[in-house]
2 protein chains.
Amino acid sequence: MTEHTTRTAEGAPTAADNAPTAAPAVSPAEAFMAESAAMAADSAPEAAAERVWRNLRALVLERNERRKETAEALGMSFFRIKALRRIAAKPSRLSELATELASDRPYLTLVVDDLVKRGLAERHPHPTDRRCKIVSATPAGHAVADRANAILGSPPPALLALPPADLAALDRITAVLTTDG
Amino acid sequence: MTEHTTRTAEGAPTAADNAPTAAPAVSPAEAFMAESAAMAADSAPEAAAERVWRNLRALVLERNERRKETAEALGMSFFRIKALRRIAAKPSRLSELATELASDRPYLTLVVDDLVKRGLAERHPHPTDRRCKIVSATPAGHAVADRANAILGSPPPALLALPPADLAALDRITAVLTTDG
DNA sequence: AGTAATGATTCTGTTTTTACAACCATTGGA
DNA sequence: TCCAATGGTTGTAAAAACAGAATCATTACT
């Protein structure tokens with residue numbers, strides 16, 4: 001599990017490193033062949049899942065990292081952009097934002113203060129609990145959040161260049177992956 | 001392009017928001033039907049690509065964000081972990097690391113200093129250019145990088161729970177997506 | 001009513017990251 | 001050989017992020 005990686009294992013995957021051995025989509029027979037050998041029952045699917053996960057992370061985190069670009073375009077730190085997008089998507093209490101953004105309440109008070117100063121967010125009283133404050137986005141805040149979403153949400157060229165059948169397959173599978181958890 | 005998002009557009013996608021309209025993987029016929037209507041030639045694939053991209057980002061960035069967990073487990077900031085993983089994968093010059101980690105040389109000098117102090121990295125002279133210094137990982141550095149990779153590289157449960165045929169399809173398609181660009 | 005718990009804020013301090021100027025050693029070419 | 005360019009380091013300043021204690025108003029519980 002913790003065997004040493006070779007020099008080229010993670011950062012610069014070679015051609016054989018991120019590709020399945022043959023064409024598992026067409027005929028998943030080799031999996032059973034491997035299973036009939038000396039391997040554990042689900043070791044081959046697990047290896048495939050690890051390979052898929054590594055490639056997905058590379059696609060999202062390395063090849064299409066647009067945090068910096070977005071932050072520069074909007075003139076604020078990416079954390080604030082993240083907070084604003086979250087607020088624009090769903091007005092919430094401060095503590096909710098803190099937990100969902102993996103931060104703490106004091107810092108979010110600061111961040112929301114900044115967003116309010118910029119005219120992008122507002123604090124509203126909670127309808128029933130007067131301790132809470134609901135943070136929501138102003139029209140200007142929604143506009144900025146939309147600009148961020150336009151940048152971050154534009155699919156990479158590789159995705160657009162995919163054969164329609166593959167894209168459709170991805171569409172269906174990723175929908176499944178994001179519904180349950 | 002910059003139309004206002006509704007309140008629930010981005011942060012909390014509803015069931016209809018991240019799923020294709022029907023079952024496009026089985027029968028891509030509706031795409032042509034839509035095309036035969038008043039839409040542009042490739043607007044339906046583009047919409048699918050955007051939906052796929054949004055779901056992929058959600059999967060990697062929201063549902064399986066393990067930066068904090070990894071940083072806490074290894075006792076160093078995630079940027080240092082990223083640098084160490086990069087160094088362990090491929091010894092490089094400082095300037096190379098700086099550009100690939102989207103940072104600058106002075107800061108990487110600092111970060112490498114810290115990794116060296118921790119006994120995880122070493123500076124070696126460049127074989128031909130005495131200005132350069134090749135930064136590589138010590139055995140202890142490789143061990144830590146492997147621990148990070150074990151955490152970050154473990155696929156999410158949803159991926160492991162996928163039907164073998166879907167996983168195989170993902171395996172093939174993601175390999176294509178990460179080879180060219 | 002009294003008390004504990006909660007939500008947000010304020011305060012304080014530290015670490016991390018970004019950015020830029022200046023510097024030294026070395027290299028490559030005019 | 002001289003000079004511009006490169007690679008790494010040092011130094012400085014500031015923003016950004018993380019973390020914890022303490023405070024205040026409000027709420028929930030007994």
Side-chain angles (χ1 to χ4, degrees), chain A residues 65-87 91-118 120-136 148, chain B residues 61 65-87 90-118 120-136 148:
Chain A
E65 177 61 86
R66 285 194 265 250
R67 293 163 170 253
K68 221 138 200 170
E69 173 191 349
T70 311
E72 176 143 8
L74 302 189
M76 65 179 85
S77 74
F78 192 76
F79 186 84
R80 275 143 223 252
I81 294 175
K82 209 165 150 190
L84 177 59
R85 294 207 311 148
R86 177 61 186 71
I87 292 168
S92 313
R93 302 178 308 165
L94 205 86
S95 51
E96 288 177 317
L97 298 178
T99 56
E100 284 183 37
L101 296 176
S103 184
D104 53 3
R105 272 149 291 182
Y107 187 53
L108 248 106
T109 295
L110 191 75
V111 169
V112 169
D113 278 348
D114 181 65
L115 292 178
V116 169
K117 266 182 220 138
R118 292 171 188 255
L120 306 177
E122 287 171 334
R123 280 184 240 247
H124 296 291
H126 189 283
T128 70
D129 193 337
R130 278 189 296 175
R131 291 172 298 179
C132 305
K133 290 178 185 170
I134 302 296
V135 185
S136 62
Chain B
L61 297 176
E65 177 60 89
R66 286 194 265 250
R67 293 163 169 254
K68 221 136 200 171
E69 174 191 347
T70 310
E72 175 143 8
L74 302 190
M76 65 179 86
S77 75
F78 192 76
F79 186 85
R80 276 146 222 249
I81 293 175
K82 210 166 150 190
L84 178 58
R85 293 207 312 147
R86 178 60 185 73
I87 292 168
K90 178 179 166 63
S92 314
R93 300 177 308 164
L94 205 86
S95 52
E96 287 177 317
L97 298 177
T99 56
E100 284 182 37
L101 295 175
S103 184
D104 54 0
R105 271 149 287 172
Y107 186 52
L108 250 107
T109 295
L110 191 74
V111 169
V112 169
D113 278 347
D114 181 65
L115 293 179
V116 169
K117 267 182 219 138
R118 292 170 187 256
L120 305 177
E122 288 173 332
R123 282 183 238 248
H124 297 291
H126 189 283
T128 68
D129 192 336
R130 277 189 295 175
R131 291 173 300 182
C132 306
K133 291 179 184 169
I134 302 297
V135 184
S136 63

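Order of the sequence lines fixes the chain letters, A, B, ..., with proteins taken first and strands second; residue numbering starts at 1 for each chain. Everything quoted here is computed from the prediction, not taken from an experiment.
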Participant: If you compare all heavy atoms of B:Leu115 against all heavy atoms of B:Ile87, which two are closest, and at what distance to 0.1 Å?
Facilitator: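 Minimum heavy-atom separation between B:Leu115 and B:Ile87: CD1-CD1, 4.0 Å.
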Participant: Can you check the B:Glu72 CD to D:dA19 C1' distance for me, whole Å?
Facilitator: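 B:Glu72 atom CD is separated from D:dA19 atom C1' by 12 Å.
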Participant: Under 3.5 Å, side chain of B:Glu65 to main-chain N/O of B:Arg67, donor-acceptor pair present?
Facilitator: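 Answer holds: yes.
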Participant: Compare side-chain N and O positions of B:Ser77 against OP1 and OP2 of C:dT15 and report whether any pair is under 4.0 Å apart.
Facilitator: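 Result: no.
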Participant: In this structure, are over 12 heavy atoms from other groups packed under 6.0 Å from B:Arg105 atom CZ?
Facilitator: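 Counting neighbours around CZ of B:Arg105, 12 or fewer heavy atoms of other residues, nucleotides or ligands fall under 6.0 Å, so no.
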Participant: Please compare A:Cys132 and B:Arg80 by the position of their nearest nucleotide in DNA chain C and report the one closer to 5'.
Facilitator: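 The 5'-side residue here is A:Cys132.
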Participant: B:Leu101 CG to C:dT16 P: how many Å, rounded?
Facilitator: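 One finds 17 Å between P of C:dT16 and CG of B:Leu101, rounded.
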Participant: Angle between the end axes of the helix from C:dA1-D:dT30 to C:dA30-D:dT1, five pairs per end, to the nearest 10 degrees?
Facilitator: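 Helix axis angle between the two ends: 20°.
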Participant: Check the distance between C:dT18's P and A:Arg67's CZ and give it to me in whole angstrom.
Facilitator: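 Rounded to whole Å, this separation is 11 Å.
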Participant: B:Ala71 and B:Ile81: which non-hydrogen atoms are nearest, and at how many Å?
Facilitator: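 B:Ala71 and B:Ile81 have their closest heavy atoms at CA-CD1, 3.6 Å.
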Participant: Starting at CG of A:Leu115 and ending at C1' of D:dA17, how long is that distance when rounded to a whole Å?
Facilitator: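 It works out to 15 Å between those atoms.
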Participant: Which pair of non-hydrogen atoms, one from A:Val111 and one from A:Ala83, has the smallest distance, and what is that distance?
Facilitator: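 So the minimum-distance heavy-atom pair works out to CG1-CB, 4.1 Å.
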Participant: Please find the pair of heavy atoms, one from B:Arg66 and one from B:Thr70, that lie closest to each other, and give the distance.
Facilitator: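 That closest heavy-atom pairing would be O-OG1, 2.6 Å.
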Participant: Atom pairs, N/O to N/O, protein against nucleotides 9-14 of chain D, distance under 3.5 Å?
Facilitator:
from: D:dT9; atom 1: OP1; to: B:Arg123; atom 2: NH1; distance (Å): 2.6
from: D:dT9; atom 1: OP2; to: B:Thr109; atom 2: OG1; distance (Å): 2.9
from: D:dT9; atom 1: OP2; to: B:Arg123; atom 2: NH1; distance (Å): 3.1

Participant: Side chains of A:Ser77 and A:Arg80: do they bring a donor and an acceptor to under 3.5 Å?
Facilitator: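 There is such a pair between these side chains.
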Participant: Find the distance A:Arg118:CZ to D:dA16:C1' and express it as a whole number of Å.
Facilitator: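 Computing the A:Arg118:CZ to D:dA16:C1' distance gives 12 Å.
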Participant: Would you kindly give the CG-to-C1' distance between A:Asp104 and D:dA21, to the nearest whole Å?
Facilitator: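 It is 12 Å, rounded to the nearest whole Å.
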Participant: Tell me which of A:Met76 and B:Ile134 sits closer to the 5' end of DNA chain D, going by the nucleotide each one is nearest to.
Facilitator: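 In this pair, the answer is B:Ile134.
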Participant: Which heavy atom of B:Thr99 sits nearest to which heavy atom of B:Glu96, and what is that distance?
Facilitator: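 So the two residues come closest at OG1-O, 2.9 Å.
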Participant: Could you tell me how far apart A:Lys117 (NZ) and D:dA15 (P) are, to the nearest whole angstrom?
Facilitator: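 Atom NZ in A:Lys117 sits about 12 Å away from atom P in D:dA15.
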Participant: For the pair A:Lys117 and A:Asp113, find out whether any cationic side-chain nitrogen is under 4.0 Å from an anionic carboxylate oxygen.
Facilitator: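 The answer is no: the pair does not qualify as a salt bridge.
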Participant: B:His126 has an atom NE2; how far is it from atom C1' of C:dG28, in whole Å?
Facilitator: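 For the pair B:His126 NE2 and C:dG28 C1', the rounded distance is 15 Å.
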Participant: Between A:Leu108 and A:Ser103, what is the shortest heavy-atom contact and its length?
Facilitator: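 Scanning both residues completely, I find the closest heavy atoms to be CD1-CB, 3.8 Å.
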Participant: Given A:Ser92, which partner from the list A:Lys133, A:Glu100, A:Arg86 fulfils the side-chain contact (heavy atoms from CB on, under 4.5 Å) test?
Facilitator: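 That would be A:Arg86; it is the only one of A:Lys133, A:Glu100, A:Arg86 passing the side-chain contact (heavy atoms from CB on, under 4.5 Å) with A:Ser92.
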Participant: What's touching nucleotides 25-30 of chain D from the protein side, N or O pairs under 3.5 Å?
Facilitator:
from: D:dT27; atom 1: OP1; to: A:Arg130; atom 2: N; distance (Å): 2.9
from: D:dT27; atom 1: O4'; to: A:Arg131; atom 2: NE; distance (Å): 3.4

